[in-house]
> 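One structure, as structure tokens, below. Some questions next.
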Amino acid sequence: MSSYLPPPGTSDIFPDEIPRWNFIESIARKTFSLYGYGEIRTPVFEYSEVFKKSIGQETEVVQKEMYSFEDRGGRELTLRPEGTAGVMRALMETDAPNGVETRVWYLGPMFRGERPAAGRKRQFHQVGVENVGKTSPEHDVESISMLMHFLEELKISDSKLLINTRGAQEDKVPAEKALRDYFSSHIDKMCKDCKERFNKNIWRILDCKMPECQESIRLSPDVKDFFTTSSKDYFKKVTELLTKQGISYEIDNRLVRGLDYYQHTVFEVTHSGLGAQNAIAGGGRYSIAVPGSSKSISGVGFAAGVERLIMVQDSLNAKLPILKDDFIFIASLGENAREKNFLLASELRKNGLNVLMELEARSMKAQMRSADKDHVSKVLIRGDDEISKNTVIIKDMKSGNQTEVAYSEIVKYLKLS
RNA sequence: GUGGUCGUAGCUCAGUUGGUUAGAGCGCUUGGUUGUGGCCCAAGAGGUCGGGGGUUCGAGUCCCCUCUACCACCCCA
């Protein structure tokens, strides 16, 4: 029991788990590259304004989940709670706001001050993509399609794609008016969070899960009816393209998502292999204003939770490729041999071979046991006898056979066998 | 932020209605004769029983507080 545990909601990732992370990162790099995305790395903290302005002052994330602090220069900074805002801030420096299509992906830690639970950490990792500069149903569908492709490459099956639309900027006023007109006569009997949402962010009433609100929500008007024809057509085109792409989806009228910057298409991928936190990825089309600039930037993108992807893979017992390197273990007998083998180990490593070696004086038996525990493929044995004969013994651990090899032939032998 | 459950060796856990020096399995280390692993056998290391306070002659066992982890709500990845 160690005296120091990491802070609540954070965890250490040890070497034996790293291959899982590397696998996801390598699939991300490979898959997103196929669509022309390049990796971007932005700071893990930004001016707090970057998040407040883009995510929305009244959202849960900004209201109560941000890790904010003041630095020594009195700057108000925040550890990023999500990836999009910072990436947009960075892309303002490029031609993206002028409508030049830009495709980037990222992977890194995000921070939200929430109560930890299954699949929810305070420091967690997201892998995400952003396609900025152009607006069309085709772009939205390509992004969704890439997400499904990504999940497939990760051996994640049985996921469910939910989609909805939030309409364009000009749809907001009529839609919110419709919601307000309807809910004003129901809000009395709804939960206290909804009463709050009624004033601050009425859209979020739609995905309230409190029992007392369900009836009112079920009978509420479909906001899509209040959208302009072009917004309706946009969404219709998205669903048609998805169908043509052979991507199955479910339209969820209540899917609105918690960040204010979304417009038009929003989507979420859920999986039953998690707990109550069943979303493995989410995204949509957005329009973001960045502090210090009169322009806004629009794009479509998504983010997936790396920890959750790993959890789903576990729940599915996904068959993941095991990339295990073959190691050679050098066993020495006698101090003279050990010193010489120390040099030999360096030599072999410079030839690209993975080498483990016992550095202390231990019995042959102890060295063999170590070699076995380390699951090496071969043990190279060299003691005084071999030194005088200018050879080494190479034992294959699987078959148990051993061969005497001339010292000058070692590298060749190990590389061929 | 609200609620529930748990917290004994590196890991998984046992520990009887509170009673002598705290246990098991796995793992780890070392040995089972001269230079050879996996099986087997033996020995050994490793625990302020999450932390603090209280009740008691006596607390891992009971009470209170606190911390963490897990789970649910809220929300999200």
Side-chain angles (χ1 to χ4, degrees), chain A residues 1-11 14 24 55 59-65 80-84 107-128 147 191-194 196-197 201 204 207-211 213 255-259 267-271 274-283 301-312 329 331-334 337 358 360-387 393-402:
Chain A
M1 186 87 12
S2 89
S3 347
Y4 284 100
L5 293 167
T10 66
S11 49
F14 287 96
I24 289 174
I55 297 170
T59 58
E60 307 275 341
V61 169
V62 169
Q63 287 280 303
K64 49 185 200 187
E65 296 175 4
R80 62 182 181 197
E82 56 96 56
T84 304
L107 170 62
M110 307 292 163
F111 308 84
R112 292 186 197 173
E114 299 184 278
R115 189 72 156 262
R120 191 169 59 209
K121 296 261 174 203
R122 289 184 176 173
Q123 175 175 338
F124 61 102
H125 297 75
Q126 283 188 338
V127 51
L147 170 58
C191 73
K192 78 170 183 1
D193 286 338
C194 280
E196 187 91 347
R197 294 179 183 119
N201 191 346
R204 297 214 55 79
D207 66 358
C208 178
K209 282 150 198 107
M210 300 304 279
C213 302
L255 178 68
V256 297
R257 303 191 56 74
L259 313 179
F267 54 92
E268 197 166 291
V269 175
T270 62
H271 200 282
L274 291 169
Q277 270 61 33
N278 65 355
I280 53 177
F302 62 78
V306 179
E307 286 85 351
R308 291 188 186 179
L309 293 174
I310 291 175
M311 284 172 76
V312 170
F329 187 100
S332 317
L333 284 154
E358 177 55 56
E360 296 179 353
R362 291 176 78 203
S363 69
M364 189 67 186
K365 181 193 221 93
Q367 293 187 72
M368 289 305 291
R369 277 186 178 160
S370 294
D372 190 55
K373 269 202 318 267
D374 293 332
H375 300 110
V376 301
S377 60
K378 293 185 184 61
V379 174
L380 186 156
I381 300 164
R382 188 161 75 139
D384 292 339
D385 293 357
E386 288 74 22
I387 287 172
I393 288 170
I394 293 174
K395 173 164 181 162
D396 183 283
M397 292 298 273
K398 209 164 189 177
S399 65
N401 298 332
Q402 43 189 62

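Just so it is clear, the model here is predicted, and its values are computed rather than measured. Proteins come first, then strands; the chains are lettered A, B, ... in the order of their sequence lines, and each starts at number 1.
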> How long is the gap from CD on E82(A) to OG1 on T59(A), to the nearest 0.5 Å?
9.5 Å

> In whole Å, measure the gap between the C1' atoms of rG37(B) and rG32(B) for me.
15 Å

> Check whether R308(A) reaches the backbone of A279(A) with its side chain - one donor and one acceptor, N or O, closer than 3.5 Å.
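Side chain of R308(A) to backbone of A279(A), a donor-acceptor pair under 3.5 Å: yes, one is there.
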
> Give the nucleotide from the list rC76(B), rG35(B), rG37(B) with an atom nearest to the side chain of N278(A).
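Looking only at heavy atoms from C-beta outward on N278(A), the closest nucleotide is rC76(B).
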
> Is the phosphate of rC70(B) approached by R120(A) (side-chain N or O, under 4.0 Å from OP1 or OP2)?
no

> If you find the nucleotide of RNA chain B closest to S370(A) and the one closest to S399(A), which residue's nucleotide is nearer the 5' end?
S370(A)

> Given the C1' atoms of rC57(B) and rG44(B), what is the spacing between them in whole Å?
37 Å

> Could you give the NZ-to-C1' distance, from K373(A) to rU29(B), as a whole number of Å?
8 Å

> Nearest whole angstrom, please: distance from the C1' of rG35(B) to the NZ of K395(A).
11 Å

> Indicate the atoms forming the closest heavy-atom contact of R112(A) with P81(A), along with that distance.
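Looks like NE-O, 2.7 Å.
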
> Ignoring hydrogens and geometry, is there a side-chain-to-backbone donor-acceptor pair from E358(A) to S332(A) under 3.5 Å?
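Such a contact is absent between E358(A) side chain and S332(A) backbone.
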
> Report which part of the nucleic acid I381(A) touches: base, sugar-phosphate, or nothing (heavy-atom distance under 4.0 Å, all strands).
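Base contact.
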
> If you compare every side-chain N and O of S363(A) against the phosphate oxygens of rU30(B) (OP1, OP2), does one of them come in below 4.0 Å?
no

> I need the CD-P distance between E114(A) and rC70(B), as an integer number of Å.
14 Å

> Is it the case that rU36(B) (base atoms only) and Q402(A) (side chain only) share a donor and an acceptor within less than 3.5 Å, ignoring hydrogens and angles?
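By the distance-only test, yes, there is a pair.
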
> Please determine, for the side chain of R362(A), which listed nucleotide (rU29(B), rC74(B), rA69(B)) has the closest atom?
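Nearest nucleotide to the side chain: rU29(B).
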
> Contact class for G9(A) (heavy atom, under 4.0 Å): base, sugar-phosphate, or nothing?
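Counting heavy atoms under 4.0 Å across all strands, the contact made by G9(A) is with sugar-phosphate only.
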
> Just N and O in the side chain of R257(A): are any of them under 4.0 Å from OP1 or OP2 of rA77(B)?
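Indeed, a polar side-chain atom of R257(A) lies that close.
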
> So what does A371(A) touch, heavy atoms closer than 4.0 Å: a base, only the sugar-phosphate, or nothing?
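Since no nucleic acid heavy atom lies under 4.0 Å of A371(A), the category is nothing.
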
> Could you give me the stems involving RNA chain B, meaning stretches of three or more consecutive Watson-Crick or G-U wobble pairs whose two defining distances are both below 3.5 Å?
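Paired runs of 3+ in RNA chain B: B:1-5 with B:69-73, B:10-13 with B:23-26, B:28-32 with B:40-44, B:50-54 with B:62-66.
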
> When all nucleic acid strands are considered with a 4.0 Å heavy-atom cut-off, which category describes R382(A): base, sugar-phosphate, or nothing?
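No contact.
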
> Rounded to the nearest 0.5 Å, what separates atom CD in E307(A) from atom CE in M311(A)?
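Answer rounded to 0.5 Å: 9.5 Å.
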
> Between R382(A) and L333(A), is there a donor-acceptor pair closer than 3.5 Å when you use the side chain of the first and the backbone of the second?
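Judged by distance alone, no pair lies under 3.5 Å.
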
> Atom CG of D372(A) to atom P of rC39(B): distance rounded to whole Å?
8 Å

> Kindly say if K121(A) contacts the phosphate of rC70(B), meaning a side-chain N or O under 4.0 Å from OP1 or OP2.
yes

> Out of rC71(B), rG31(B), rA77(B), which nucleotide sits closest to the side chain of A366(A)?
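It is rG31(B).
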
> Can you tell me if K365(A) touches the phosphate of rU34(B), counting only side-chain N or O atoms and a distance under 4.0 Å to OP1 or OP2?
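Looking at the OP1 and OP2 atoms of rU34(B), neither is under 4.0 Å from any side-chain N or O of K365(A).
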
> Does R115(A) or A304(A) map to a spot on RNA chain B nearer the 5' end, using the closest nucleotide for each?
R115(A)

> Rounding to an integer number of Å, can you tell me how far L255(A) CG sits from rA77(B) P?
10 Å

> Could you work out which one of rA77(B), rU68(B), rA72(B) sits closest to the side chain of A117(A)?
rA72(B)

> Working to the nearest 0.5 angstrom, can you tell me the gap between M110(A) CE and Q123(A) CD?
10.5 Å

> Nearest whole Å is fine: how far is rU34(B) P from D384(A) CG?
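To the nearest whole Å, that distance equals 17 Å.
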
> Provide, to the nearest angstrom, the distance between the CE atom belonging to M368(A) and the P atom belonging to rG31(B).
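The distance from CE of M368(A) to P of rG31(B) comes to 15 Å, rounded to the nearest Å.
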
> L333(A) near the nucleic acid: base, sugar-phosphate alone, or nothing, with a heavy-atom cut-off under 4.0 Å?
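Base contact.
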
> Under 3.5 Å, is there a donor-acceptor pair between the side chain of R80(A) and the main chain of P109(A)?
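A pair under 3.5 Å: yes.
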
> Give one of base, sugar-phosphate or nothing for G400(A), where a contact means two heavy atoms less than 4.0 Å apart.
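Answer is base: heavy atoms of G400(A) come under 4.0 Å of a base.
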
> If you look at every strand shown and take non-hydrogen atoms under 4.0 Å, does G334(A) touch a base, only sugar-phosphate, or nothing?
nothing

> State whether the distance check finds a donor on one side and an acceptor on the other, under 3.5 Å, for side chain E65(A) versus base rG1(B).
no

> Expressed in angstrom and rounded to an integer, what is the separation of R369(A) atom CZ from rA42(B) atom P?
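One finds 14 Å between P of rA42(B) and CZ of R369(A), rounded.
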
> For the backbone of R115(A) and the side chain of R120(A), can you confirm whether one donor and one acceptor N or O come within less than 3.5 Å of each other?
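Checking the backbone N and O of R115(A) against the side chain of R120(A), a donor-acceptor pair under 3.5 Å is found.
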
